[in-house]
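Beneath this line is the structure, given in structure tokens, with notes to follow.
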Number of protein chains: 2
Amino acid sequence: MLISEFVRRTGLARETVRYYVRFGLLRPQTTQKGGRHPYFMFTEDDVHCADVIRVGQALGLSLREIGELRKARRSGDLPRKKRLVLMKDQLARLEAKSAELERLKTYVRAKIAWQQHGEKGDEPMLAGMK
Amino acid sequence: MLISEFVRRTGLARETVRYYVRFGLLRPQTTQKGGRHPYFMFTEDDVHCADVIRVGQALGLSLREIGELRKARRSGDLPRKKRLVLMKDQLARLEAKSAELERLKTYVRAKIAWQQHGEKGDEPMLAGMK
DNA sequence: CTTGACTGTGGAGTGCACTCCACACTTATA
DNA sequence: TATAAGTGTGGAGTGCACTCCACAGTCAAG
């Protein structure tokens, strides 16, 4: 599909799509059409990729981080050792985020319980600030 | 407490605190100290507020949105029942994010293991992205 | 063949959330 | 009392993720 349909499918803005392409996050094929500047040809995979980007962003990952994940996933031509380092780093980041999220959850749960029991005693606090 | 202790307590950068104050998100009292530019005096409430800002950001809210929530809460517009609903919604959102993050972590771990064992068998896939 | 819709390019601009800086004043310490 | 440490101010700068724009080539309908 051409960019206009891709835009319709994903709900992204045309300029955002172009930004992602420039960024390397999306790497559509090219058509014969377009001459000197061949038209992009997006696939269902690219639509799926847009979904993954969305999820990654919702998790607070930067486009760079999402790009690294995608890159690693494409089991590319990078040397194996390098890919491993990249993935381990990615995992560490995810785990840090995960830990933070757990702390947040515990806090909100405690606060709900506190309020449900009449707000007696000290208001719950977020624990363990670095 | 003065700003340096507040910074220590919250883990925020001094400049970030000042930014939040300028923004109106934090509204510390002032001390007698400081003469022409009275020193800010932060309370436990402000520390708590910093926690709430953190939670809001983890939920993907902008500082403006968080500010509006705080404002509503201050003006007593939010009865207890409503606040409870709000917090439960926040918890649900945190848990959804948490679940996504777990999926990503599982995927990355599987991929690392797969690669470390010679990339035998099927490449791990990221499951169930909507 | 004309016209209008669609496409790509490079570059500038925007809004957010910080982050850094020079400066001047106040307070605490030696 | 010298001086180091802490504090507020205004303003500039940064990185991210878009968003807008002028321009020019391409394609499809009439």
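To find a chain, count down the sequence lines: A is the first, B the second, and so on, and within it residues start at 1.
- Rounded to an integer number of Å, the gap from Leu25(A) CG to dC16(D) C1' is 13 Å.
- In this structure, Glu119(B) does not pair ionically with Lys111(B), as no charged nitrogen and carboxylate oxygen lie closer than 4.0 Å.
- Checked against ring-ring contact (aromatic ring centres under 6.0 Å, His included), Tyr39(B) has no partners two or more places apart in sequence or in another chain.
- Distance CZ (Arg54(A)) to C1' (dA17(D)): 15 Å, rounded to an integer number of Å.
- For Phe40(A), there are no ring-ring contact (aromatic ring centres under 6.0 Å, His included) partners two or more places apart in sequence or in a different chain.
- OP1 or OP2 of dC18(D) sits under 4.0 Å from a side-chain N or O of Gln57(A).
- Residue pairs meeting the side chain to side chain donor-acceptor pair (under 3.5 Å) criterion with at least one partner in residues 5-17 of chain A, sequence neighbours excluded, are Arg9(A)-Glu44(A).
- Closest to the side chain of Ser4(A), out of dT7(C), dT7(D), dA17(C), is dT7(C).
- In this structure, Lys97(B) has no salt bridge (charged side-chain N to carboxylate O under 4.0 Å, His left out) partners at least two apart in sequence or on a different chain.
- For residues 56-85 of chain B, the set of pairs meeting the ring-ring contact (aromatic ring centres under 6.0 Å, His included) definition, not counting sequence neighbours, is empty.
- The nearest whole Å value for the distance from the CZ atom in Arg18(B) to the C1' atom in dA12(D) is 14 Å.
- Here Lys82(B) pairs with nothing under the salt bridge (charged side-chain N to carboxylate O under 4.0 Å, His left out) rule; sequence neighbours left out.
- Remark: Lys105(A) does not engage Glu100(A) in a salt bridge, criterion side-chain N to carboxylate O under 4.0 Å.
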Each nucleotide in nucleotides 19-30 of chain D should get exactly one letter: B, S or -. Can you fill that in based on protein heavy atoms under 4.0 Å? BBB---BBSS--
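- Protein atom CG of Leu12(B) is 12 Å distant from nucleotide atom C1' of dA17(C), rounded to whole Å.
- Note on Phe23(B): nothing from the nucleic acid sits closer than 4.0 angstrom, heavy atoms only.
- If you take CG of Leu2(B) and C1' of dT26(C), they are 12 Å apart, rounded to a whole angstrom.
- The CZ-C1' distance, from Arg8(B) to dG6(D), rounds to 13 Å in whole Å.
- Annotation: side chain to side chain donor-acceptor pair (under 3.5 Å) contacts involving residues 18-37 of chain B, sequence neighbours excluded, are absent.
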Please list, for nucleotides 1-5 of chain C, all pairs of protein and nucleotide N/O atoms separated by less than 3.5 Å.
none

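- Between the CD atom of Glu65(B) and the P atom of dG15(C) there is a distance of 17 Å, rounded to whole Å.
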